[in-house]
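Worksheet: the structure to be examined is printed underneath.
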Amino acid sequence: MPFSNSFSTNMNNRPTVLELCAGGGGQTIGLENAGFECAAAVEIDSHACQTLRLNRPDMRVIEDDIRAIRGNDFAGVDVVSAGVPCPPFSIAGRQLGADDDRDLFPEALRIIREVSPRAVMLENVPGFAASKFAPYRESLIRHLKRLGYRVGWRVVQSADYGVPQLRPRFLLVGMLAEYSDFFQWPSRMPEASPTVGETLCDLMASNGWKGAIAWRSKANRIAPTIVGGSKKHGGPDLGPTRAKAQWRGLGVDGMGIANEVPGADFPVDGFPRLTVRMVARLQSFPDNWEFSGRKTAAYRQVGNAFPPLVAEAMASAIRFALNREANQYNEHQELVSGLVSEA
């Protein structure tokens, strides 16, 4: 059913956002916490759509390919955000870029052109910042500039925003000129992110495992990047061989994902596996966020997510700029520069 509403800035006095490739809700949570109202979330994966409906029953969830979305139906939305599929640019894949049929940047650009939002936020893997993709990246930016946006991009580290994980992400922000001078990239949080042990110890101990306190001391660093995998591969685990070795150094068996936390009979000096809920915490999901589907489907939603805390920091910076206000994330820190066109 076409949207006939006008999405001009306030649905309940909050700026509105159209989410493309919304996944299991990481970006949704961050946008909400930053004060945005979701006009619609578009996602093709049925399990992720059910997750969104389960947690946000009043939110409009469109289960479809973004190729089928008519941007004109959302004219007036303030922001278009998109976490388009990462395999075309991931170092774990073949890096085919524009030659990969999963590359949805052209569709995102089409929708942006049709919606004409005040701001744009695009998120992807850090591989998109590689030199081999520079021509593609510059073409994307030129298209956005022709639509009237000033554009900047960075690779940000999730741990700088409180996520207990080494998770770099590519972020591109585009804003209409009247707002761009107010945009400031959010500075890193002054306190260090919690370690894996600090983040998960209570869950590890929740079923009587006597080794939890000792394990906490061993798991004294942030996590390596969590890998979600794809439907083309097998069941859930914590990534390639190198990542599994890093998890082993944290006292974690990375060969799979557990159904339950370790119990009282688990060896005191054993190497527990993480549950989906534990991995969700390492992505900064709140504990009350429920994931639809069996273990593999749920884990893929978690592992492929945009961490909510990073999404919140970025979305807050965008909202402050749209309100022509200083970025409160930088209130007590050295201010960082606003948007500068990259091409």
Problem - Side chain Arg150, main chain Lys145, donor-acceptor under 3.5 Å - result: no

Exercise for the section: Please answer whether the main-chain N or O of Ala177 pairs with a side-chain N or O of Tyr149 as donor and acceptor at a distance below 3.5 Å. Expected result: no

Problem - Any donor-acceptor pair under 3.5 Å from Ser158 side chain to Arg167 backbone - result: yes

Practice task
Indicate yes or no for a side-chain donor-acceptor contact from Arg216 to the backbone of Glu198 under 3.5 Å, with no hydrogens or angles considered.
Solution key: no

Practice task
Find out whether Cys21 and Leu104 are in side-chain contact, i.e. whether some heavy atom of one side chain is under 4.5 Å from a heavy atom of the other.
Solution key: yes

Handout entry: Distance in Å, Leu309 CG paired with Phe285 CZ, rounded so as to fall on 0.5 Å steps
Key = 10.5 Å

Exercise for the section: Before giving the answer on side chain to side chain donor-acceptor pair (under 3.5 Å), spell out for Asp78 and Thr16 the whole-Å C-alpha distance, their side-chain angles and the decisive distance to 0.1 Å. Expected result: CA-CA 5 Å; Asp78 295 298; Thr16 54; 3.2 Å; yes

Handout entry: Residues Arg324, Glu178: salt bridge by 4.0 Å N-O rule
Key = yes

Exercise for the section: Answer yes or no: is there a donor N or O on one side and an acceptor on the other, between the side chain of Asp65 and the main chain of Ala68, under 3.5 Å? Expected result: no

Exercise for the section: Enter the distance from Leu31:CG to Ser81:OG here, rounded to the nearest 0.5 Å. Expected result: 5.0 Å

Completion exercise
Between Asp237 and the options Arg273, Lys244, Met255, the side-chain contact (heavy atoms from CB on, under 4.5 Å) test singles out Lys244

Exercise for the section: Please assess Thr51 against Gln301 for the test side chain to side chain donor-acceptor pair (under 3.5 Å), listing each intermediate value before the final yes or no. Expected result: CA-CA 9 Å; Thr51 291; Gln301 293 173 60; 2.6 Å; yes

Fill in the blank from the handout: Heavy-atom nearest pair, Leu282 first then Val163, reads O-CG1, 3.3 Å

Practice task
Quick one: closest heavy-atom pair of Pro135 and Lys132, and the distance?
Solution key: CD-O, 3.9 Å

Practice task
Any chance you could measure Met314, atom CE, to Arg169, atom CZ, to the nearest 0.5 Å?
Solution key: 13.0 Å

Handout entry: Shortest non-hydrogen separation from Leu176 to Gly148 and the atoms involved
Key = CD2-O, 3.6 Å

Exercise for the section: May I ask you to decide if Pro164's main-chain N or O and Ser193's side chain share a donor-acceptor pair within less than 3.5 Å? Expected result: no

Problem - CZ-CG distance between Arg113 and Asn72, expressed to the nearest 0.5 angstrom - result: 9.5 Å

Exercise for the section: Flag the pair Leu54 / Phe291 as yes when at least one side-chain heavy-atom distance between them is below 4.5 Å, and no otherwise. Expected result: no

Handout entry: Steps toward side-chain contact (heavy atoms from CB on, under 4.5 Å) verdict (Val151, Val120)
Key = CA-CA 9 Å; Val151 182; Val120 174; over 6 Å; no

Problem - Side-chain hydrophobic cluster, 4.5 Å single linkage: members besides Ile222 - result: Leu166

Handout entry: Phe320 and Tyr179: CA distance, side-chain angles, deciding distance, ring pair (Phe, Tyr, Trp, His ring centres under 6.0 Å) verdict
Key = CA-CA 9 Å; Phe320 293 136; Tyr179 308 107; over 10 Å; no

Problem - Minimum heavy-atom distance between Ala22 and Ala41, given as atom pair plus value - result: CB-CB, 3.9 Å

Practice task
Assess the side chains of Gln27 and Glu123: does a donor N or O sit below 3.5 Å from an acceptor N or O?
Solution key: no

Practice task
Taking only Lys NZ, Arg NE, NH1 and NH2, and the carboxylate oxygens of Asp or Glu, determine whether Glu32 and Arg56 approach each other closer than 4.0 Å.
Solution key: yes

Problem - Audit row: Asp202, Arg281, salt bridge (Lys or Arg N to Asp or Glu O under 4.0 Å) steps and yes/no - result: CA-CA 12 Å; Asp202 65 319; Arg281 269 203 194 174; 2.6 Å; yes

Handout entry: Flag, side chain of Glu312 to backbone of Gly30, donor-acceptor distance under 3.5 Å
Key = no

Handout entry: Donor-acceptor under 3.5 Å (Arg137 side chain, Ala129 main chain)
Key = yes

Problem - Side-chain heavy-atom pair Ile111, Ile66 within 4.5 angstrom cut-off - result: yes

Problem - Same apolar cluster: Phe271 and Met278, side chain cutoff 4.5 Å - result: no

Practice task
Could you tell me whether a side-chain N or O of Glu43 sits under 3.5 Å from a main-chain N or O of Glu63, the two making a donor and an acceptor?
Solution key: no

Problem - Test log, rule side-chain contact (heavy atoms from CB on, under 4.5 Å), inputs Asn124 and Phe105 - result: CA-CA 10 Å; Asn124 213 282; Phe105 274 122; 3.8 Å; yes

Exercise for the section: Go through the steps to decide whether Leu140 and Leu172 satisfy the test side-chain contact (heavy atoms from CB on, under 4.5 Å), and finish with yes or no. Expected result: CA-CA 10 Å; Leu140 174 67; Leu172 180 148; 4.1 Å; yes

Practice task
Could you pull out the closest heavy-atom pair between Gly162 and Met189, with the gap in Å?
Solution key: N-CG, 4.4 Å

Problem - Non-hydrogen side-chain atoms of Trp215 and Leu250 separated by less than 4.5 Å - result: no

Practice task
For the pair Trp185 (side chain) and Arg154 (backbone), establish whether a donor and an acceptor sit closer than 3.5 Å, ignoring hydrogens and angles.
Solution key: no

Handout entry: Spacing of Ile62 atom CD1 and Asp73 atom CG [to the nearest 0.5 Å]
Key = 8.5 Å

Exercise for the section: Kindly indicate whether the side chain of Asn259, heavy atoms from C-beta on, has any atom under 4.5 Å from the side chain of Val276. Expected result: no

Practice task
Taking the side chain as every heavy atom from C-beta outward, state whether Leu274 and Met204 have any pair of such atoms under 4.5 Å apart.
Solution key: yes

Exercise for the section: Please report the C-alpha distance between Thr225 and Gln165 in whole Å, then the side-chain angles of each, then the deciding distance to 0.1 Å, and finally whether the side-chain contact (heavy atoms from CB on, under 4.5 Å) criterion is met. Expected result: CA-CA 6 Å; Thr225 299; Gln165 183 189 164; 4.3 Å; yes

Handout entry: Check: Glu37 and Pro15 side chains under 4.5 Å, non-hydrogen atoms
Key = no

Completion exercise
Rounded to the nearest 0.5 Å, the CZ atom of Arg242 sits from the CD atom of Gln246 at a distance of 6.0 Å

Fill in the blank from the handout: Here the pair of heavy atoms bringing Pro272 nearest to Pro262 is CB-CG, 4.0 Å

Handout entry: Pro117: which of Leu322, Ile112, Leu147 passes side-chain contact (heavy atoms from CB on, under 4.5 Å)
Key = Ile112

Handout entry: Within-4.5 Å side-chain heavy-atom neighbours: Phe306 and Leu171
Key = yes

